[in-house]
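Down below is the structure, laid out as structure tokens.
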Amino acid sequence: MTDIKKLISQMTLEEKAGLLSGDDFWHTKAVERLGIPRTMVSDGPHGLRKQDLKADHLGINDSIKAVCFPTASATAASFDPKMLRDMGAAIGDSCQHEQVSVVLGPAVNIKRSPLCGRNFEYFSEDPYLAGRMATALIQGVQSRNVGTSIKHFALNSQEHRRMSSSSDCDEQAIREIYFPAFEMAVKEAQPWTVMCSYNKINGVFASENPWLLTEVLRKEWGFKGYVMSDWGAVSDRVAGVAAGLDLEMPSSGGVNDRKIVKAVREGRLSEAAVDLACERILTIVYRYLESEKPETPWDMEAQHAQAADIAADCMVLLKNEDQILPLKKEDEIAFIGEFAAKPRFQGGGSSHINCFKITGALEAAAGLKVTYARGYSVADDAATDEMIAEAVEAAKKAKAAVVFAGLPDSYESEGYDRQHMRMPECQIRVIEAVAAANPNTVVVLHNGSPVEMPWIGRVKAVLEAYLGGQAVGEAAVRVLFGDVNPSGHLPESFPLKLEDNPSYLFYGGEGNVTEYREGVFVGYRYYDKKKMDVLFPFGFGLSYTTFDFSDLRLSAGEIGDEDTLEATVRVTNTGDRPGKAVVQLYVGSPSEEVIRPVRELKGFSKVFLNPGESKEVAFTLDKRSFAYWNQSLHDWHVPNGTYTIEIGDSSRNLPLCAPVEIRSSAVIPRHYDMNSIFLDIVADPKAAPIIRAFMAERMPKPVEEGKSEAAAEAINEEMGLAMLNYMPLRAVAGLGGHPEAEGEVEALIRRLNGEE
Ligand code: BGC
């Protein structure tokens with residue numbers, strides 16, 4: 001084991017400052033004098049994008065041939081962390097083979113709006129799902145002794161002005177929505193590195209934010225690795241070192257290294273902070289070097305096959321009227337749309353992979369009775385009359401028509417956001433023309449984020465393939481023809497229209513400020529609270545078989561907030577095909593005290609079942625499953641009350657429900673003053689008897705006798721009490737009508753506060 005501290009003690013200040021930024025675009029610096037070699041990092045997240053020669057972070061120049069696995073938009077839909085772990089291990093192997101020490105991913109930013117250009121790289125609108133998937137991917141990669149860089153920390157849910165915009169958000173939403181995926185991954189998988197985002201958070205750049213990078217990430221969550229900047233995210237490098245940003249990427253050409261040296265010499269930055277950053281970087285550098293295995297084989301064909309298996313298990317069957325799917329292999333089927341031949345399976349930007357091979361659905365269907373019509377041109381984003389006529393002709397002749405549609409590359413990419421949620425006009429025309437020609441029309445969608453579907457009523461089936469990686473065509477054919485039973489579920493809500501989305505009014509922001517005004521009500525948390533119709537709800541996905549949920553049992557009917565609760569449920573395959581069910585558990589909280597979502601996902605499990613087979617699934621819930629972030633406690637808190645455990649296969653299909661009573665052990669510090677109101681004082685078990693006794697002595701007794709009818713109507717007892725609820729103590733002092741009243745109330749306040 002290399003003695004890192006000793007190495008650092010031998011370095012000059014210049015060498016140490018130098019180590020805190022990249023050597024070039026993709027390498028950490030070497031210190032040859034001390035035998036410290038440089039190491040390479042590469043994108044990420046769904047495969048390896050290693051650039052040998054010309055470097056850039058926008059996907060402009062070529063990288064080496066590699067395997068593009070399904071993007072996070074698709075893998076999240078699998079609800080299968082085990083599968084993600086295996087995918088991570090495969091990516092880890094390719095990194096070992098290529099001598100890459102850290103792969104830049106996973107990316108776990110929350111899908112706040114369907115418009116974010118990078119949604120295809122992100123997992124979900126739900127932090128728990130995003131956290132579980134990210135944790136699994138990290139564990140997989142790191143099982144091969146290669147590091148990960150969970151990104152982009154944090155609140156980077158838009159591309160618009162991404163390098164200058166401030167994401168302004170209340171701490172409750174940050175803690176409940178935008179942090180948990182990072183938090184879970186750090187606590188459960190210890191990513192070797194974290195990548196901070198470009199944006200500011202409440203006015204402070206992530207790259208120089210001590211609260212973010214030190215207080216929360218390291219002190220609260222226990223992160224042990226190094227923090228690197230997103231490419232070009234550094235504004236004030238010296239402030240960054242002090243805040244906990246260890247490595248600046250890419251190289252600053254020495255400019256910032258000199259600023260660090262100067263700041264230390266002038267006493268504006270402690271040398272200890274520089275040493276600490278060096279220690280964190282070198283610890284990871286040597287962790288990799290000491291387990292480097294360039295002899296690891298990289299079997300790309302095997303990984304392509306793995307990518308196909310994964311993609312098939314990610315596909316979400318959204319509609320299947322008359323059980324039109326699966327198609328029969330003996331029938332003549334028309335494949336329509338350029339995406340059938342040349343699928344869209346990944347997005348633009350830094351995650352763009354140079355695939356060693358790509359399989360389209362048409363190629364994968366070789367040997368079946370499949371005809372093809374191009375339908376539309378992706379390059380021209382247009383469909384000529386001839387193309388439509390040809391598509392209609394092909395559809396008429398076939399038993400069923402499958403239109404491959406979705407979003408072309410230019411519609412969604414890193415670097416900019418979408419302006420709308422619509423599909424290309426030309427593709428809609430093709431779908432409508434084909435559907436009019438053949439009642440058995442199926443649509444396969446390739447898109448990284450939700451689209452509006454004005455045509456949905458006219459087609460029989462819809463299969464959401466997302467951006468499913470280079471083998472997506474094979475996967476689509478397996479699902480369409482029933483070799484694989486679809487088991488994906490939506491990791492996000494599909495609103496009917498963009499305007500329904502909770503961030504719609506504020507998304508993108510004004511100038512360099514974007515306010516996250518919807519707070520915790522992101523995705524289904526909003527649609528459920530508002531009881532709004534959606535096109536497809538979070539968690540939704542059909543299968544070629546059917547499942548039944550029964551026997552929900554809780555380990556206790558009442559628990560303390562520090563206890564755990566076991567929930568078990570039976571799931572049965574009631575259809576005639578083997579299939580995988582996604583059992584989802586949501587927690588609902590009492591709504592009296594705090595404004596909270598109706599339900600939140602707190603557990604899920606993917607279960608394979610043969611026809612007729614039944615399995616018991618168990619979930620363990622802990623304090624965090626029930627808690628919300630309490631601003632005054634500045635901690636997680638579970639208020640007393642009755643919570644509900646709901647089980648089903650989507651956020652809107654939850655046939656089982658059971659209550660659990662939770663007692664809080666937290667003592668909320670309360671302080672009373674002249675402006676405290678009765679309602680709050682009476683709700684505090686300690687204060688209630690004190691104020692009751694005080695009032696009993698002083699309140700005038702209601703005179704019922706002789707009260708006029710008008711007076712009785714004006715206010716009855718119930719109304720009187722309700723009014724008293726909102727009365728502050730200062731009003732009691734005022735109402736006392738004698739000079740000592742104020743002093744008496746002040747004495748009461750001291751007693752309420754336990755001061756006498
Ligand atoms: C992206 C990161 C990526 C980096 C390096 C940046 O533009 O935001 O996700 O890892 O470039 O390519």
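On a predicted model such as this, the values are computed, not experimentally measured, just so you know. We count ligands from 1, going down the list as the structure has it; atoms in each ligand are counted the same way.
Ligand 1 places these atoms under 4.0 Å from at least one heavy atom of Ser350: 1 (C), 2 (C), 3 (C), 9 (O), 11 (O), 12 (O). Taking a cut-off of under 4.0 Å to the non-hydrogen atoms of Arg162, the atoms of ligand 1 that pass are 7 (O), 8 (O). Interface atoms of ligand 1 facing Arg118, defined by a heavy-atom separation under 4.0 Å, are 1 (C), 2 (C), 8 (O), 9 (O). Taking every heavy atom of Met195 and a limit of under 4.0 angstrom, the matching atoms of ligand 1 come to 10 (O). Atoms of ligand 1 found under 4.0 Å from any heavy atom of Trp26, numbered from 1 in the order shown, are 5 (C), 12 (O). Atoms of ligand 1 lying under 4.0 Å from any heavy atom of Lys151, numbered from 1 in the order shown and given with element: 2 (C), 3 (C), 9 (O), 10 (O). In the vicinity of Glu414, heavy-atom distances shorter than 4.0 Å reach the ligand 1 atoms 1 (C), 6 (C), 7 (O), 8 (O).
A ring pair (Phe, Tyr, Trp, His ring centres under 6.0 Å) with Phe538 holds for exactly one of Tyr128, Phe604, Tyr524; it is Tyr524. For the ring pair (Phe, Tyr, Trp, His ring centres under 6.0 Å) with Phe153, the lone residue among Tyr178, Trp221, Tyr198 that qualifies is Trp221.
Judged purely by distance below 3.5 Å, without hydrogens or angles, the side chains of Thr514 and Gln158 pair a donor atom with an acceptor atom. Donor-acceptor pairing under 3.5 Å is lacking for the side chains of Asn447 and Tyr411.
Distances from atom 3 (C) of ligand 1 to the heavy atoms of Asp43, Leu104, Val41 show the closest one on Asp43.
Note: Glu208 CD to Asp236 CG = 5.0 Å, rounded to the nearest 0.5 Å.
Contact analysis puts His152 in contact with ligand 1, with a non-hydrogen atom separation below 4.0 angstrom.
Proximity of Ser21 to Met249: side-chain heavy atoms (C-beta onward) are nowhere separated by under 4.5 Å.
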